[in-house]
Amino acid sequence: MARDTTVDRVMHHASVRGSQTAFVHKVNGAWVPITYRTYGQRAREFAGALIAEGIVAGDAVGIMGDNTPEWVTADVGAMMARAVPAGIYQTSTAEQMAYVAGHCDAKVLVLQHKKHWDRLRAQREKLPALKRVVMINDAAQIAELDPTVISFDDFCALGRPHMADVDKRFSEIQDKDLATLIYTSGTTGPPKGAMLSHANLMFMARSAYNLRGPAGEESIVSYLPLSHIAEQMFSIHMPAVMGAQLVFAEALEKLKDALVVGRPTTFLGVPRVWEKFKAALETKLGEATGRKADVIKWSRAVGLEAGREKLANGKMSPATYAKYKVADKLFFSKLKGQLGLDRMKLAVTGAAPISKEVLEFFLSCGVVIHEVYGQTEGAGATTFNMPAPKKTRLGTAGLPLPGITVKIADDGEILMSSPGCFMGYFKDAAATRATVVDGWLYTGDVGEIDRDGFLRITDRKKDLIITSGGKNVAPQNIEKHLKDIDGIGQAVVIGERRNYLTALLTLEPEKCKALAKAKAWPDSPADLAKLPAMNAHVEAAVQAVNAKLARYESIKKFVLLPDDFTVDGGELTPTQKVKRKVVSDKYSKEIESMYEGAAPNAATAS
């Protein structure tokens, strides 16, 4: 079987359909296209520049920035030179950036803005392997301050004399080679680098390609962080297989603009995006009056009926289909056109759970959203609600993708075996052995499989929090800082499926006594929990903790609990570990208050 990698696919398109559009991005207020020929040539130049810098096979290239053609080009160019791209979240703090760049021993670091370089400068002494900093923007502002800085354009120019060397490196790529590092936060300690091979990536990209329906003109919108496996799959590897046009949103807040321009045929929306669309649409549709309101109400009822029939039977009844055609002409087609979803073949949601209510709302608007479940260690998707007759069931995580086997362990943990299963964790053989056992990936999630094979996620064995925006947050890292606050005993970060993080903070009796004495406050935890001065003290401390964290990790609100967690109270295990589900259930009222605007305390994120 011939070699098949993302790089091969990109260069194939550059050769046989070079004049077609690969990227569309905003430049000085105008949408500008970039062809596949330019994409391929630019990737070759970037690879040549790496070779000119002495980068050898296996060396890491860190990439940090927003979604841009340069980000994708650097990733593909690094793979072409047999280097290993490692994405870094653009919201990372200086310490987090330095950890990832240092852990993978990045020799070259691609940054987008001066603010990213400022973070690097603060941690530069921790990165002795770093040889070159490539700036997508702002290079002129920095070059005099840092001799290793070069602009992206000038860096690519260094590679042009080395095309023969690039071709040699390119020819040496093997499917089994390490292609990329995806750093994923664990539930404890620093993030781990998941090693994915070219074969892992192409298995998943081909699987997605086979699900998207009849071939045709393909378009995808890129907006989620490119350091995440889901967005890499949708922005780098799937477009390479499909020959798709990729439209870069300027920011999440401007996603709708990119959707209208790109009119995507495939679109991944994290739950928070679909939730925001739903809220905006409900407001707009609610403003309709008279006949227009009647048409919307009738059409949505037809849409829900038609959607349910299609999901259950694979098709609509003749009577329902006739009504659907009318509703589509009167309502659905117009709504989809306004949203930029009129060419949609495959609407997807993933990275966090989504409510059935949201799915049914869009079903009533003529949009079927297919839920996907997976993990970085599996190169993306494991199960999928597939766009085929009787292969989607709302409220489930779907069926295993072809080639993937899923089973449930005796303790309920979801196990998977797949050609997409990763090579292991970089520099962490122990964690690899604990995660992959006898060819089975232990996902850390708990679930069940129904009689038709659909997977339901029932709990999260691992403590990793996934917000409604799809951000992965390791709570222990934050809780460690919160427990250092004077007077605080235990801290539990909340945020699963929520759009921001909050915390339950208990008052530790002995700590409180000392603090109360020093401040001349009452020493009863019950009194202290209500004391404005105590709340102000904790709020200031939470603000200080937030300053150490990435923005999406910031604690927005908190509640002080007068009673510390105990084994007898059921909140702690015998080894003093917090039982998160018990805490969440026991203090559900306090938790909900922090998401209903009725919280007694608030710590505004920095």
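Not a single donor-acceptor pair under 3.5 Å links the side chain of Thr148 to the backbone N or O of Arg132. Remark: side-chain polar atoms of Glu496 are paired, donor with acceptor, to backbone N or O of Ile466 under 3.5 angstrom. The backbone N or O of Asp450 sits nowhere less than 3.5 Å from a side-chain atom of Arg456 that would complete a donor-acceptor pair. With hydrogens and angles ignored, the 3.5 Å screen pairs a side-chain donor or acceptor of Glu479 with a backbone N or O of Val493. Judged by distance alone, the side chain of Lys427 and the main-chain N or O of His103 form a donor-acceptor pair under 3.5 Å. Under a 3.5 Å cut-off, the side chain of Glu371 and the backbone N or O of Thr349 do not form any donor-acceptor pair. Remark: the backbone N or O of Thr93 is paired with a side-chain donor or acceptor of Gln96 at under 3.5 angstrom. Thr443 places a side-chain N or O within donor-acceptor distance of the main-chain N or O of Ile414, the cut-off being under 3.5 Å.
Classification of the Phe267-Phe277 ring pair by plane angle, with boundaries at 30° and 60°, yields parallel.
In this structure the side chain of Leu226 reaches within 4.5 angstrom of the side chain of Ser235, judged on heavy atoms. In this structure, Met97 and Gln123 have side chains that are not in contact, with every pair of non-hydrogen atoms separated by 4.5 Å or more. Counting only heavy atoms from C-beta outward, the side chains of Leu339 and Leu259 never approach each other to under 4.5 Å. Contact check for Asp445 versus Tyr373: side-chain heavy atoms found under the 4.5 Å cut-off. Between Tyr595 and Tyr500, the closest side-chain pair of non-hydrogen atoms falls below 4.5 Å. With a 4.5 Å cut-off on side-chain heavy atoms, Leu109 and Ile88 count as touching. The shortest side-chain heavy-atom distance between Glu539 and Val542 does not fall under the 4.5 Å cut-off.
A side-chain N or O of Ser197 and one of Asn200 form a donor-acceptor pair less than 3.5 Å apart. A donor atom on one side chain and an acceptor atom on the other are found under 3.5 Å apart for Thr382 and Gln375. Side chain to side chain, Thr506 and Asp564 meet the donor-acceptor criterion of an N or O pair below 3.5 Å.
Counted within 6.0 Å of CD on Glu357, heavy atoms from surrounding residues, nucleotides or ligands total 12 or fewer; the atom is thus considered open. The environment of Lys278 atom NZ is dense: over 12 non-hydrogen atoms of other residues, nucleotides or ligands sit within 6.0 angstrom. Shown here is Glu144, whose CD atom has no more than 12 heavy atoms of other residues, nucleotides or ligands within 6.0 Å.
Here Lys519 pairs with Leu515, Trp521 under the side chain to side chain contact (heavy atoms under 4.5 Å, CB included) rule; sequence neighbours left out. Checked against ring-ring contact (aromatic ring centres under 6.0 Å, His included), Phe384 has no partners two or more places apart in sequence or in another chain.
Atom CD of Gln141 is separated from atom NZ of Lys114 by 6.5 Å, given to the nearest 0.5 angstrom. Within the model, atoms CD1 of Ile465 and CD of Glu553 stand 10.5 Å from one another, a figure rounded to the nearest 0.5 Å. Atom OG1 of residue Thr383 and atom CE of residue Met416 lie 9.0 Å apart, to the nearest 0.5 angstrom.
Between Asp118 and Lys115 there is no salt bridge, since none of the side-chain N atoms of the basic residue sits less than 4.0 Å from a carboxylate O of the acidic one. Between Asp59 and Lys107, at least one side-chain N (NZ, or NE/NH1/NH2) sits under 4.0 Å from a carboxylate O, which counts as a salt bridge.
Among the candidates Leu504, Leu531, Ile488, the single residue satisfying the side-chain contact (heavy atoms from CB on, under 4.5 Å) test with Leu560 is Ile488.
The two residues Val372 and Ala381 have their closest heavy-atom pair at CG2-CB, 3.4 Å. Between Leu528 and Asn535, the shortest heavy-atom contact is O-ND2, 4.3 Å. For the residue pair Asn385 and Gly398, the shortest heavy atom distance occurs at ND2-N, 3.3 Å.
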